[in-house]
> 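Below you'll find the structure I mean.
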Amino acid sequence: MSVLIVIPARYASSRYPGKPLVELRGADGQARTLIQRSWEAAMQVGGVDRVVVATDDDRIRDVSEGFGAEVVMTSDTCRNGTERCAEAYDRLGGGFEIVVNLQGDAPLTPHWFVESLVEGLRADPVAEVATPVLRCDGAALNGFLQDRREGRVGGTTAVFGRDHKALYFSKEVIPYTGQRYADDEMTPVFHHVGVYAYRPSALAAYPRWEAGPLELLEGLEQLRFLERERPVLCVEVEARGRQFWELNNPEDVSRIEAMLETMAMA
């Protein structure tokens, strides 16, 4: 099954304007933009036929083409990354069997997260959308809780049923647990990794739906599928010793740079 990866990127982020062009310094001391690091992560994924950056901003286009990425220009009316992926897919003429949305704020996404995601969607004929979830250790969970105490959104959590179909996603830490966990102890909380794999039919339908109240309250695009009772498959992935974090706030820059240093990633 042919696979397209789209990296949606916009300049006018409400929480962090200009985020795709923020520079992150690696273990070798070299700084590269967030969009370049996200593109490099996408290029490491096996079994992919094409990788494109989708944006409505000339600055992001120029920087992306400068490091060798293929860019698809999209309109400035896209309300989120899924809508931008849908428009990019149309502008490319379709023809792919699976479209992956690798959001441009997740430069630490390991290639096996995406490979497992595609495999999971292929293996489940009912699911129209799939997304990875990573079980939090105590360190990750405590980081989420600390962010919430300080009024920041540190990441998104997911709960799902026995069939691994999503029940809900939230920027709050769910499910609630009053237990304290050591940094290396596994917890019942799952971090939702901001990557999606869609069948083209689901991706085409998405922009025609109005955003529902839950999507608007949480600011989470995947809730539009759940509010339309369209199944979202949660594919559990393994960290394999890799640290993972998304760049949501300016405070995350130093956190990600520290992870790059710890993992000796250039």
Side-chain angles (χ1 to χ4, degrees), residues 1-8 38-54 70 72 80-104 106-135 156-169 190-209 220-240 242 244 246:
M1 300 177 77
S2 54
V3 179
L4 166 71
I5 292 182
V6 180
I7 306 171
S38 298
W39 176 79
E40 289 171 349
M43 295 299 290
Q44 294 176 11
V45 179
V48 172
D49 298 275
R50 197 169 181 180
V51 176
V52 301
V53 172
E70 179 182 359
V72 178
N80 56 43
T82 299
E83 291 193 4
R84 199 172 302 282
C85 285
E87 184 176 331
Y89 180 74
D90 286 342
R91 288 182 180 270
L92 291 170
F96 294 89
E97 294 166 285
I98 292 178
V99 182
V100 174
N101 172 353
L102 179 60
Q103 299 193 69
L108 299 180
T109 305
H111 63 86
W112 61 87
F113 280 21
V114 185
E115 292 159 1
S116 296
L117 183 63
V118 171
E119 291 172 6
L121 189 59
R122 284 174 172 162
D124 189 331
V126 175
E128 298 178 284
V129 184
T131 193
V133 293
L134 178 67
R135 187 183 289 273
T156 299
T157 56
V159 290
F160 48 87
R162 292 186 178 184
D163 60 357
H164 282 258
K165 298 301 191 298
L167 299 174
Y168 196 63
F169 299 91
F190 282 85
H191 182 183
H192 171 242
V193 180
V195 184
Y196 305 93
Y198 318 96
R199 301 194 192 280
S201 58
L203 189 60
Y206 184 92
R208 299 196 297 266
W209 300 330
L220 295 175
E221 63 201 88
Q222 68 271 33
L223 290 176
R224 196 179 306 182
F225 289 108
L226 296 188
E227 291 188 85
R228 292 281 174 163
E229 299 183 351
R230 306 296 279 264
V232 177
L233 177 68
C234 291
V235 178
E236 186 173 353
V237 294
E238 297 181 354
R240 302 183 192 176
R242 280 278 294 272
F244 177 81
E246 297 158 351

> Please round to the nearest 0.5 Å and tell me the distance separating atom CZ of R242 and atom CH2 of W112.
5.0 Å
> I would like to know whether L92 and E70 meet side-chain contact (heavy atoms from CB on, under 4.5 Å); could you show each step before the answer?
CA-CA 11 Å; L92 291 170; E70 179 182 359; 4.1 Å; yes
> Looking at E236, I'd like to know if its CD atom is crowded, meaning that more than 12 non-hydrogen atoms belonging to other residues, nucleotides or ligands lie closer than 6.0 Å.
yes
> Any side-chain to backbone donor/acceptor pair from E115 onto G46? Under 3.5 Å, distance only.
yes
> Atom NE2 in H191, atom OG1 in T157: separation rounded to 0.5 Å?
8.5 Å
> Could you check whether the rings of H192 and Y196 sit parallel, tilted or perpendicular, using 30° and 60° as the cut-offs?
tilted
> Measure the spacing between CD of E87 and CZ of R84 and express it to the nearest 0.5 Å.
7.5 Å
> Are the ring centres of F160 and F190 closer than 6.0 Å?
yes
> Using a 3.5 Å distance criterion without hydrogens, assess whether the side chain of R224 forms a donor-acceptor pair with backbone atoms of W209.
yes
> Can you name the nearest heavy-atom pair linking I7 to V51, along with the distance?
CD1-CG1, 4.2 Å
> Could you tell me which non-hydrogen atom of Q103 sits nearest to which non-hydrogen atom of N101, and how far apart they are?
CG-OD1, 3.3 Å
> Give the minimum heavy-atom separation between R122 and V3, together with the two atoms involved.
NH2-CG2, 3.7 Å
> Over all heavy atoms of both residues, which pair between L102 and A42 is shortest? Give the atoms and the distance, please.
CD2-CB, 3.4 Å
> Rounded to the nearest 0.5 Å, how far does CZ of R135 lie from CD of E238?
11.0 Å
> Mind checking the CD1-CE spacing from I5 to M43? Nearest 0.5 Å is all I need.
9.0 Å
> Does T131 use its side chain to pair, donor to acceptor, with the backbone of V195 at less than 3.5 Å?
yes
> For K165 and D124, what are the C-alpha separation, side-chain angles and deciding distance, and is it a side-chain contact (heavy atoms from CB on, under 4.5 Å)?
CA-CA 11 Å; K165 298 301 191 298; D124 189 331; 2.9 Å; yes
> Are the side chains of L4 and D49 in touch, meaning some heavy atoms are under 4.5 Å apart?
no
> For residues E221 and N80, report the shortest heavy-atom separation together with the two atoms involved.
CB-ND2, 3.4 Å
> Would a distance-only check, ignoring hydrogens and angles, find a side-chain to backbone donor-acceptor pair under 3.5 Å from R230 to Y206?
no
> How far does CZ of F113 sit from CG of L134, to the nearest 0.5 angstrom?
4.5 Å
> So does F96 get a backbone contact from the side chain of Y89, meaning a donor-acceptor N/O pair under 3.5 Å?
yes
> Using modelled atom types only, decide if a donor and an acceptor are shared between the side chain of E97 and the backbone of S2 within a distance under 3.5 Å.
yes
> Looking at every heavy atom in both L121 and L233, which two are closest together, and how far apart are they?
N-CD2, 4.3 Å
